Structure formats: C-alpha cells, structure tokens
*Asks:* 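Here's a structure for you.
As a basis for the values below, the full set of heavy atoms in this structure was taken, side chains included, without hydrogen atoms, waters or symmetry mates. Predicted model, so just to flag it, every value in this text is computed and none were measured.
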Amino acid sequence: MKGAGHINRIEQVEPNLWGIGTEPRFAIGQRSLLVATEGGNVLWDPVSYLDDATTSRIQELGGVQAISASHPHFYGSVVEWSRAFDHAPIYLPAADRKWVQRADDGYRFYTEDAVEVAGLMLIRCGGHFEGSAVLHWREGADGRGVILSGDTVQVVMDRSAVSFMRSYPNLIPLDPESIRRIHQQLASVSYDRIYGGWWERVVTAGAEAAVSASVARYLRYAGWDA
C-alpha cells in the first residue's frame, strides 16, 4: 500500500476526537476514530493501513492505550496497531472470538453487555454479528454524549436516520428481536450524536430520537409491529 502511494488522513472532527482514513480510498473506504480521554486514548475500528507517519502523528496526540472494533470486518489490523503502540490491549467480544484469525497476547475478550474502557463504555448490541458493539463517549458533543457505531447502527445517506442489516453485501435485513435488542442496549446511555464508520456518515444532533424513529420505521415497513 505504501508503494501504491497510500497515506492516512488524520483530521479532528470535534474536540478530543480524530478521524483516521486512508487515501486513496481503500477497501470499503471506512475510517477509524481516536477518542482522547483522561484515562487514555481509545482507537475504534482501526483502518488496515498503518505507516510511520501515522504512528508519529498519533504519538503526538498521546498514543493509543486501548483498541476495540464494532465487528469482525474491522479486526484485520488490530494486532499491528497494538504492537505499534506498546502492545495496547485489544478489547473484543468473546461472542466473536471465532473470527479472530491471529494469535496475540493483547486480546482482552469480554462477555459482558457493557465494559468500561478508559472512561468509555463498550456496549455489545449484537445484530450484524453476535458480538457487534458500539462505543459510548459520555463527554462527547459538548457533554451531550456520542455513539461510535461502525455499522452496528448504520447512518444512512441523508444523515437524519439510521438502519440495520444482518449482511450488507447480501442485503439481508435483521430480524425484529435483534432490532429491539439494539434499541434497548442504546437506551441504557444518553447520546446526541452518532459517528458511523465513514467520514460523511454522522448524525450531528438529535441522534436518540433519530434511532427511535428509525427503529419504528424499520419494523413497520418490514411488516412487524413496532
């Protein structure tokens, strides 16, 4: 990738939150998020590409003290990122352990529905995968709360709503029980903003109401009672 001219763009998207995305676009064009907290920096959904310039810039921002991901499609480079930052622990759900392809001492497999990591809360929602998760940042959005969702909760193109899928490549929808579980898990925290897995996929305000309305719409149009 380096030989092909790839670089990582690192950009602050709000105070204490940086996006990391690879250019030219690679794979599905996703970007990572780095959250800076008093307990350390947490890297969410690490991108595939990591080079010296990226490592150096992130060290300037305080490094990485913990790593996690929304689902197994973003597990590919977690070991490289961990080793680049003093073997930062990698928090992944035990429910998706079978998708981990490489052995490493850095893994911390959790079984709980919610796990605190450096002052942030990993919330296992299920859905896309059994262990699919989101990361809740209470202090984000000026204290109104932020959810980093990957595509566990997919921010749709108009960025005023969200949706859910069992399989995105095969366009297989989620069942009603899974949708309701995601909604229930998110109801345990307060949030006003959602950052999806791509630069432009952000619900900037009113995210809790958007999720509730989106769940009701999904169930209604799929033929299930909300």
Side-chain angles (χ1 to χ4, degrees), residues 1 6 19-33 43-49 67-81 90-102 107 109-111 113 122-135 147-187 194-203 207 210-226:
M1 290 180 68
H6 287 281
I20 306 164
T22 302
E23 298 180 347
R25 180 186 172 103
F26 179 75
I28 57 175
Q30 75 276 18
R31 61 98 180 82
S32 305
L33 289 163
L43 179 67
W44 178 249
D45 281 346
V47 293
S48 300
Y49 185 57
I67 298 169
S68 193
S70 57
H71 67 290
H73 290 149
F74 297 152
Y75 289 3
S77 64
V78 291
V79 170
E80 280 75 19
W81 282 90
I90 306 162
Y91 292 87
L92 299 178
D96 288 337
R97 187 170 187 160
K98 66 181 179 181
W99 301 108
V100 173
Q101 300 298 304
R102 300 171 58 195
Y107 294 115
F109 292 102
Y110 63 91
T111 58
D113 282 346
L122 274 170
I123 302 173
R124 186 166 65 92
C125 300
H128 190 33
F129 281 79
E130 185 179 352
S132 285
V134 301
L135 189 65
I147 290 287
L148 314 184
S149 71
D151 56 11
T152 301
V153 177
Q154 179 72 276
V155 178
V156 299
M157 292 298 290
D158 72 1
R159 295 170 290 176
S160 65
V162 300
S163 196
F164 318 87
M165 294 289 280
R166 173 62 184 89
S167 171
Y168 289 93
N170 297 302
L171 299 179
I172 300 173
L174 270 180
D175 59 279
E177 290 78 14
S178 295
I179 297 292
R180 292 184 181 112
R181 172 175 165 76
I182 292 171
H183 194 203
Q184 181 181 23
Q185 291 295 90
L186 292 180
I194 295 177
Y195 288 94
W198 291 262
W199 289 107
E200 68 279 7
R201 299 294 185 100
V202 181
V203 179
V211 168
S212 294
S214 298
V215 166
R217 180 179 69 172
Y218 184 108
L219 295 174
R220 183 172 67 253
Y221 280 104
W224 298 305
D225 291 333

*Asks:* Spell out, as yes or no, whether a donor-acceptor pair under 3.5 Å connects the side chain of Ser163 to the backbone of Gln154.
*Replies:*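 No; zero donor-acceptor contacts below 3.5 Å.
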
*Asks:* Return the minimal non-hydrogen interatomic distance between Trp199 and Ile20, and the atom names on each side.
*Replies:*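 Closest approach of Trp199 to Ile20: CH2-N, 3.9 Å.
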
*Asks:* Ring pair (Phe, Tyr, Trp, His ring centres under 6.0 Å), that's the test. Do Phe129 and His73 meet it? Break it down for me.
*Replies:* CA-CA 10 Å; Phe129 281 79; His73 290 149; 5.1 Å; yes

*Asks:* Can you tell which of Leu92, Asp113, Leu135, Leu148 makes a side chain to side chain contact (heavy atoms under 4.5 Å, CB included) with Leu122?
*Replies:*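 With Leu122 as partner, side chain to side chain contact (heavy atoms under 4.5 Å, CB included) holds for just one option, Leu135.
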
*Asks:* Is the backbone of Tyr91 close enough, under 3.5 Å, to the side chain of Ser68 for a donor and an acceptor to pair up by distance?
*Replies:*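 Checked: pair present.
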
*Asks:* Is a side-chain donor or acceptor of Asp175 paired with a backbone partner of Ser178 at a separation under 3.5 angstrom?
*Replies:*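 Yes, because the side chain of Asp175 sits within donor-acceptor range (under 3.5 Å) of the backbone of Ser178.
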
*Asks:* Check whether Arg217 reaches the backbone of Arg220 with its side chain - one donor and one acceptor, N or O, closer than 3.5 Å.
*Replies:*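 Judged by distance alone, no pair lies under 3.5 Å.
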
*Asks:* Report the relative orientation of the aromatic rings in Phe26 and His6; use parallel for angles under 30°, tilted for 30 to 60°, perpendicular for over 60°.
*Replies:*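 Judged by the thresholds at 30° and 60°, the geometry between Phe26 and His6 is perpendicular.
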
*Asks:* A quick test of your reading: do over 12 heavy atoms of other residues, nucleotides or ligands sit less than 6.0 Å from CD of Glu130?
*Replies:*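 No, not enclosed.
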
*Asks:* Given Asp96 and Tyr75, is the side-chain contact (heavy atoms from CB on, under 4.5 Å) satisfied, shown in steps?
*Replies:* CA-CA 10 Å; Asp96 288 337; Tyr75 289 3; 3.6 Å; yes

*Asks:* Does the ring center of His128 lie less than 6.0 Å from the ring center of Phe164?
*Replies:*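 Ring centroids of His128 and Phe164 are no less than 6.0 Å from each other.
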
*Asks:* At their closest point, which heavy atom of Trp198 faces which heavy atom of Gly29, and how far apart are they?
*Replies:*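 So the two residues come closest at CD1-O, 3.2 Å.
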
*Asks:* Going through the checks in order, is the side-chain contact (heavy atoms from CB on, under 4.5 Å) test met by Ile194 and Val202?
*Replies:* CA-CA 6 Å; Ile194 295 177; Val202 181; over 6 Å; no

*Asks:* Can you tell me if Trp81 uses its side chain to pair, donor with acceptor, with the backbone of Val47 under 3.5 Å?
*Replies:*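 Checked: pair present.
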
*Asks:* Give me the atom names and distance for the closest heavy-atom approach of Gly127 to Leu174.
*Replies:*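 Reported closest heavy-atom pair: O-CD2, 3.4 Å.
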
*Asks:* Going by an N to O cut-off under 4.0 Å, is there a salt bridge joining Glu23 and Arg31?
*Replies:*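 No, this pair does not count.
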
*Asks:* CG/Leu171 to CZ/Arg166 distance, rounded to the nearest 0.5 angstrom?
*Replies:*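 Here the rounded value is 13.5 Å.
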
*Asks:* Looking only at side chains, do Ser70 and Asp45 share a donor and an acceptor under 3.5 Å apart?
*Replies:*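 Yes, because at least one side-chain N or O of Ser70 sits under 3.5 Å from a partner of the opposite role on Asp45.
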
*Asks:* For Arg159, is the CZ atom crowded, meaning more than 12 foreign heavy atoms sit under 6.0 Å from it?
*Replies:*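 Not more than 12 within 6.0 Å, no.
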
*Asks:* Restricting to non-hydrogen atoms, name the atom on Arg102 and the atom on Glu80 that form the minimum distance, rounded to 0.1 Å.
*Replies:*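 For Arg102 versus Glu80, the nearest heavy atoms are NH1-OE2, 2.6 Å.
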
*Asks:* Would Phe74 and Ile28 satisfy side-chain contact (heavy atoms from CB on, under 4.5 Å), going step by step from the backbone distance to the final call?
*Replies:* CA-CA 11 Å; Phe74 297 152; Ile28 57 175; 4.2 Å; yes

*Asks:* Got a donor-acceptor contact below 3.5 angstrom from the Ser132 side chain to the Cys125 backbone?
*Replies:*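 Looks like no, no N/O pair under 3.5 Å.
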
*Asks:* Does atom CH2 of Trp99 have more than 12 heavy-atom neighbours, drawn from other residues, nucleotides or ligands, at distances under 6.0 Å?
*Replies:*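 No.
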
*Asks:* Does Tyr168 use its side chain to pair, donor to acceptor, with the backbone of Asp151 at less than 3.5 Å?
*Replies:*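 Such a contact is found between Tyr168 side chain and Asp151 backbone.
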
*Asks:* So which heavy atom on Ala95 is nearest to which on Arg124, and how close?
*Replies:*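 So the two residues come closest at CB-NH1, 4.2 Å.
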
*Asks:* Ignoring hydrogens and geometry, is there a side-chain-to-backbone donor-acceptor pair from Ser167 to Asn170 under 3.5 Å?
*Replies:*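 Answer holds: yes.
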
*Asks:* Closest heavy-atom contact between Ala210 and Ser160?
*Replies:*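 Reported closest heavy-atom pair: CB-O, 3.6 Å.
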
